[in-house]
Protein chains: 2
Amino acid sequence: MLKKLDPLLHSELRLAIMSLLISVEKAGFTYLKEQTEATAGNLSVQVTKLEDAGYIFVKKGFKGKIPQTICNITKKGIEAFEKYVEELKDYLKL
Amino acid sequence: MLKKLDPLLHSELRLAIMSLLISVEKAGFTYLKEQTEATAGNLSVQVTKLEDAGYIFVKKGFKGKIPQTICNITKKGIEAFEKYVEELKDYLKL
DNA sequence: TAAATTTGGTTTATATTATAAACTACTTTA
DNA sequence: TAAAGTAGTTTATAATATAAACCAAATTTA
């Protein structure tokens with residue numbers, strides 16, 4: 001039987017964010033925006049959702065005088081991502 | 001760069017339908033309903049969307065006196081599914 | 001140095017999508 | 001023949017994604 005997929009990860013943009021954070025471990029808002037080609041508004045909303053879920057950790061600071069938002073994936077986020085991948089494999093016949 | 005995923009396949013229920021049809025080649029509405037555990041209404045809507053896209057072919061007939069809807073995956077559907085799997089692999093780091 | 005533009009976002013409104021509830025048409029069973 | 005079951009569709013609503021509008025501060029330009 002196919003398992004219910006984590007709806008928080010089964011979203012193109014949120015999955016892309018998580019995928020990037022799995023690789024780089026830490027990334028700025030602007031980097032994520034460039035890589036995903038999302039609008040700032042959409043990215044802001046989805047980052048907040050991932051943060052609320054405890055999948056990522058967001059730290060706000062400054063790079064010189066310019067505000068900077070840094071995102072890190074959490075242990076919980078890594079586990080959720082890995083679980084999602086395993087569940088999705090059944091759908092994809094992998 | 002991560003590719004844009006086919007929105008028609010990036011839906012849990014539609015993906016489940018396609019996944020089942022890839023395996024069995026042909027399936028009745030009731031079989032799909034049992035396997036996916038979807039409500040009939042939701043299933044009906046999603047089947048129609050896949051049909052409209054040309055990803056599946058729907059044949060309506062009768063099993064005795066009882067109406068029966070049979071779904072088959074099309075060549076286009078198989079190709080779209082395979083493309084989706086390849087694109088998604090980048091997200092999943094597979 | 002004042003106005004315009006850019007950077008780095010958030011908030012809010014709207015469009016899209018998913019889902020469930022209500023309904024239809026027919027059949028079987030009590 | 002009334003009630004319940006089968007096999008769905010249509011329609012209304014809830015959830016989600018996305019974009020547009022907005023904000024504050026910094027930087028560039030005239």
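Numbered from 1 within each chain, the chains take letters A, B, ... in sequence-line order.
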> Of all the nucleotides listed (D:dT18, C:dT19, D:dA26), which has the minimum atom distance to the side chain of A:V45?
Replying inline: D:dT18
> Hey, which of these two, A:N42 or A:P67, hits DNA chain C nearer its 5' end, going by closest nucleotide?
Replying inline: A:P67
> To the nearest Å, how far apart are A:L13 CG and D:dA19 C1'?
Replying inline: 13 Å
> Please give, in whole Å, the distance from C:dA21 P to B:L43 CG?
Replying inline: 16 Å
>> Between A:T39 and D:dT18, is there a contact of a side-chain N or O with OP1 or OP2 at under 4.0 Å?
In response: no
> Is there a side-chain contact between B:F62 and B:Q68, using heavy atoms and a 4.5 Å cut-off?
Replying inline: no
> If every non-hydrogen atom of B:A53 is compared with every non-hydrogen atom of B:L8, which pair is closest and at what distance?
Replying inline: CB-CD2, 3.5 Å
>> Can you tell me if A:S44 touches the phosphate of C:dT10, counting only side-chain N or O atoms and a distance under 4.0 Å to OP1 or OP2?
In response: yes
>> Measure CZ/B:F62 against P/C:dT28 and give the value in whole Å, please.
In response: 12 Å
> Is there a side-chain polar atom (N or O) of B:K49 under 4.0 Å from OP1 or OP2 of C:dT17?
Replying inline: no
>> Using whole Å, what does the distance between atom C1' of nucleotide C:dT16 and atom CG of B:L8 come to?
In response: 13 Å
> Considering heavy-atom distances to DNA chain D, does B:T48 or A:E12 have its closest nucleotide positioned more toward the 5' end?
Replying inline: B:T48
> Checking all strands, does A:Q46 fall into the base, sugar-phosphate, or nothing category for heavy-atom contacts under 4.0 angstrom?
Replying inline: base
>> Without decimals, in angstroms, what is the distance between A:I66 CD1 and D:dT27 C1'?
In response: 8 Å
> Picking from C:dG9, D:dG8, C:dT17, which would you name as closest to the side chain of B:T30?
Replying inline: D:dG8
>> Does D:dT9 have its OP1 or OP2 closer than 4.0 Å to a side-chain nitrogen or oxygen of B:K60?
In response: yes
> Separation of B:I70 atom CD1 from D:dG8 atom P, in whole Å?
Replying inline: 8 Å
> OP1 or OP2 of D:dA24 less than 4.0 angstrom from a side-chain nitrogen or oxygen of A:K65, does that happen here?
Replying inline: no
>> Restricting to non-hydrogen atoms, name the atom on A:E12 and the atom on B:H10 that form the minimum distance, rounded to 0.1 Å.
In response: N-NE2, 3.7 Å
> Tell me: CD of A:E37 to P of D:dT18, nearest whole Å?
Replying inline: 13 Å
>> Just verifying a value: how many Å separate A:I17 CD1 and B:Y91 OH, rounded to the nearest 0.5 Å?
In response: 11.0 Å
>> In whole Å, I'd like the distance from the NE2 atom of B:H10 to the P atom of C:dA18.
In response: 10 Å
>> Just to be sure I understand the rule, does A:S11 reach a base, reach only the sugar-phosphate, or reach nothing, if contact means heavy atoms closer than 4.0 Å?
In response: sugar-phosphate
> Under 4.0 Å between a side-chain N/O of A:R14 and OP1 or OP2 of D:dA17, yes or no?
Replying inline: yes
>> Looking at B:E79 and B:K83, is there a salt bridge between them, counting it only when a charged N and a carboxylate O are closer than 4.0 Å?
In response: no
